[in-house]
Amino acid sequence: MPKHPGLYEPRSLRPTIADLYDNPPLNETLTISGWIRTRRSTKAVSFAEITDGSTLRSLQVVLPHDKISRERIEAELHTGASLTITGQLVPTPDRPQPFELQAQAYTLLGSADPETYPLQKKAHSLEFLREIAHLRVRTRTYQAVFRIRHGVSLAIHQFFHERGFVYVHTPILTPSDCEGAGQLFQVITTEDPDPTAFFGRPAYLTVSGQLDAEILTMGLGRVYTFGPTFRAEPSHTPRHLAEFWMIEPEMAFFDLEDTMNLAEDLLKSLIRYVLRHYADELAFLTERYDPDLLARLESVKESVFLRLSYAEAIDILQKSGREFAYAPVWGTDLQAEHERYLVETYAQRPVIVYNYPRDIKAFYMRQNDDGKTVAAFDVLFPGIGEVIGGSQREERLDRLEAEMQRRHMNLTAYQAYLDTRRFGTVPHSGFGLGLERFLLFVTGLTNVRDVIPFFRAAGQMA
Ligand code: 4AD
Ligand code: MG
């Protein structure tokens with residue numbers, strides 16, 4: 001960062017610990033606020049490690065007992081307590097940290113009783129931390145994860161913006177089940193439990209912004225959504241949330257291959273971004289949770305994803321000689337064990353499976369000429385399985401209507417959507433990236449509950 005002379009002057013932005021590491025104002029007197037990570041006392045001085053969320057690194061503060069009494073320090077400065085300290089930043093070339101703050105005075109902002117504050121140990125289990133989701137953000141693990149989540153979000157916007165996409169906000173309250181899977185949360189008012197009382201028709205929380213994104217594509221060309229989606233899936237797995245965030249690009253004039261290329265570019269570009277900007281966080285997560293994390297990110301960033309048709313994938317699984325719990329048969333959905341075999345054993349890199357059987361996929365996917373498959377694709381990642389699901393869309397009105405009728409859908413509820421095919425229809429495609437699934441891959445964590453600040457999953461609301 002360039003030198004910022006106004007940084008430590010009155011009325012400028014308060015300096016953070018990250019600012020000190022970027023551009024240390026050595027030997028100057030400054031004021032820093034934060035929380036105590038650890039504190040220990042010797043006869044003449046006490047040492048406190050302070051964090052403020054701006055970086056994973058902490059600031060070492062030295063509190064000399066001739067300026068601040070040891071009794072006061074020991075009574076007030078416990079792990080988790082918050083304070084503001086004024087002191088001089090002095091270089092410490094012979095210590096692990098480059099400098100420390102020699103305190104002249106401090107003000108206690110908030111105490112944390114060591115008898116009741118739960119975060120006393122250096123490393124708690126993620127299971128324990130899930131029970132106290134309101135406090136877990138005070139640990140380095142979640143600071144690293146949420147900082148990476150922020151960076152990935154920013155990089156997603158940048159990626160699409162650079163390619164001329166328009167970020168569109170699609171509704172959260174919706175009248176229809178986009179995926180047709182019937183896993184919806186219904187919305188009623190507290191005044192009247194009749195589900196049609198407010199809107200005159202039933203309303204649900206959206207499972208996907210896709211149908212609205214398709215409508216907007218027809219005027220804007222390339223759009224994407226990035227928002228919360230809701231599924232009443234009673235799945236108690238480490239990969240399913242009832243509320244999760246999805247990124248859904250939709251592109252006019254893109255066919256299946258264009259779309260698979262875009263998906264692959266997006267994923268690699270996000271991995272490169274995280275590697276470039278979150279080295280401290282990745283080093284911490286690698287050391288604490290997943291020794292292979294850095295190597296895996298480096299290898300996927302360089303890899304060419306293997307593309308297999310669904311039929312080829314089934315063939316490979318059948319010839320694998322593996323005993324699967326579910327036999328791989330044409331016409332059935334790939335199970336997690338099948339996806340893992342394809343990615344981790346067969347390809348040893350991400351795999352894109354395309355051209356799935358029509359009957360296991362959604363109504364809007366474009367029918368292939370074989371009459372049996374649709375132009376759908378899933379991107380499968382090591383350790384995670386499906387991170388992206390997408391397809392070319394059925395743009396031919398007669399085909400689409402026939403398919404909806406075949407599935408006994410209520411066509412009158414979809415007239416706005418069908419108008420896109422009635423007036424100036426074009427080939428178009430899109431996909432959905434599950435943000436939390438992708439974050440598992442880049443953080444090395446294994447449960448989606450650990451990569452969203454407040455998780456909602458069947459039976460659980462943090
Ligand atoms: O494959 P899905 O269901 O696709 C759609 O919703 C399409 N409408 C997307 C599109 O084409 N615009 O979901 C997309 C992705 C999955 O690949 C997965 O990463 C994630 O969303 N996902 C979930 N993540 C967490 N918890 C759940 N319950 C999820 N369900 C799907
Ligand atoms: Mg899917």
Side-chain angles (χ1 to χ4, degrees), residues 152 156 160 165 168 170 174 176-185 205-217 222-251 254 256 259-260 262-263 266-267 270 310 333-336 339 343 350-354 356-357 360-366 374-381 383-394 417 428-442 445-452 455-460:
V152 167
I156 286 167
F160 287 116
F165 283 68
V168 292
T170 51
T174 157
S176 75
D177 176 4
C178 164
E179 291 303 294
Q183 295 171 316
L184 299 164
F185 289 104
L205 296 181
T206 187
V207 296
S208 158
Q210 180 193 321
L211 301 191
D212 293 318
E214 281 190 60
I215 288 173
L216 297 169
T217 299
R222 296 178 192 178
V223 301
Y224 70 103
T225 70
F226 186 167
T229 47
F230 306 86
R231 296 197 185 172
E233 278 177 296
S235 321
H236 297 265
T237 80
R239 312 260 180 275
H240 288 88
L241 289 167
E243 174 175 323
F244 64 97
W245 284 64
M246 191 158 43
I247 297 92
E248 296 186 272
E250 194 68 36
M251 297 75 65
F254 269 46
L256 179 67
T259 310
M260 295 192 292
L262 184 78
L266 170 66
L267 293 167
L270 296 179
Y310 168 90
D333 215 350
L334 296 180
Q335 301 292 320
E339 296 180 345
V343 175
V351 172
I352 306 183
V353 179
Y354 61 93
Y356 279 84
I360 59 171
K361 289 291 184 187
F363 72 93
Y364 51 70
M365 296 184 174
R366 192 175 199 278
V374 286
F377 75 102
D378 279 359
V379 182
L380 312 178
F381 259 26
I384 288 143
E386 180 191 338
V387 283
I388 282 182
S391 75
Q392 185 167 341
R393 317 307 190 191
E394 183 53 82
Y417 182 68
H428 64 287
S429 305
F431 61 82
L433 165 65
L435 180 64
E436 289 76 18
R437 299 252 180 109
F438 179 70
L439 286 173
L440 292 185
F441 183 74
V442 287
L445 300 189
T446 54
N447 192 313
V448 283
R449 289 165 185 75
D450 296 331
V451 295
I452 188 165
F455 55 88
R456 278 90 179 86
Q460 291 179 312

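Quick caveat, the model's predicted, so the values are computed rather than measured. We count ligands from 1, going down the list as the structure has it; atoms in each ligand are counted the same way.
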Identity and separation of the nearest protein heavy atom to atom 3 (O) of ligand 1: Arg231 NH1, 2.8 Å

Nitrogen or oxygen atoms of Arg393 and ligand 1 under 3.5 Å apart: yes

Which residue and heavy atom of the protein sit nearest atom 4 (O) of ligand 1, plus the separation: Glu179 OE1, 3.9 Å

Met246-ligand 1 polar pair, N/O distance under 3.5 Å: no

Heavy atom of the protein closest to atom 18 (C) of ligand 1 (residue, atom name, distance): Arg437 NH1, 3.5 Å

Closest protein heavy atom (residue, atom, distance) for atom 12 (N) of ligand 1: Glu248 OE2, 2.6 Å

Validation row: Ile388, Phe381 side chains within 4.5 angstrom (heavy atoms): no

Protein heavy-atom partner closest to atom 22 (N) of ligand 1 - residue, atom, separation in Å: Phe244 CE1, 3.4 Å

Between Gln392 and Thr259: side-chain donor-acceptor atoms closer than 3.5 Å: no

Atom 26 (N) of ligand 1: the protein heavy-atom neighbour that sits closest, reported with distance to 0.1 Å: Leu241 N, 2.9 Å

No-hydrogen, no-angle side-chain donor-acceptor test under 3.5 Å, Tyr364 and Gln210: yes

Taking atom 17 (O) of ligand 1 as the reference point, the nearest protein heavy atom with its distance: Glu386 OE2, 2.7 Å

Distance from atom 19 (O) of ligand 1 to nearest protein heavy atom, with residue and atom: Val387 O, 2.9 Å

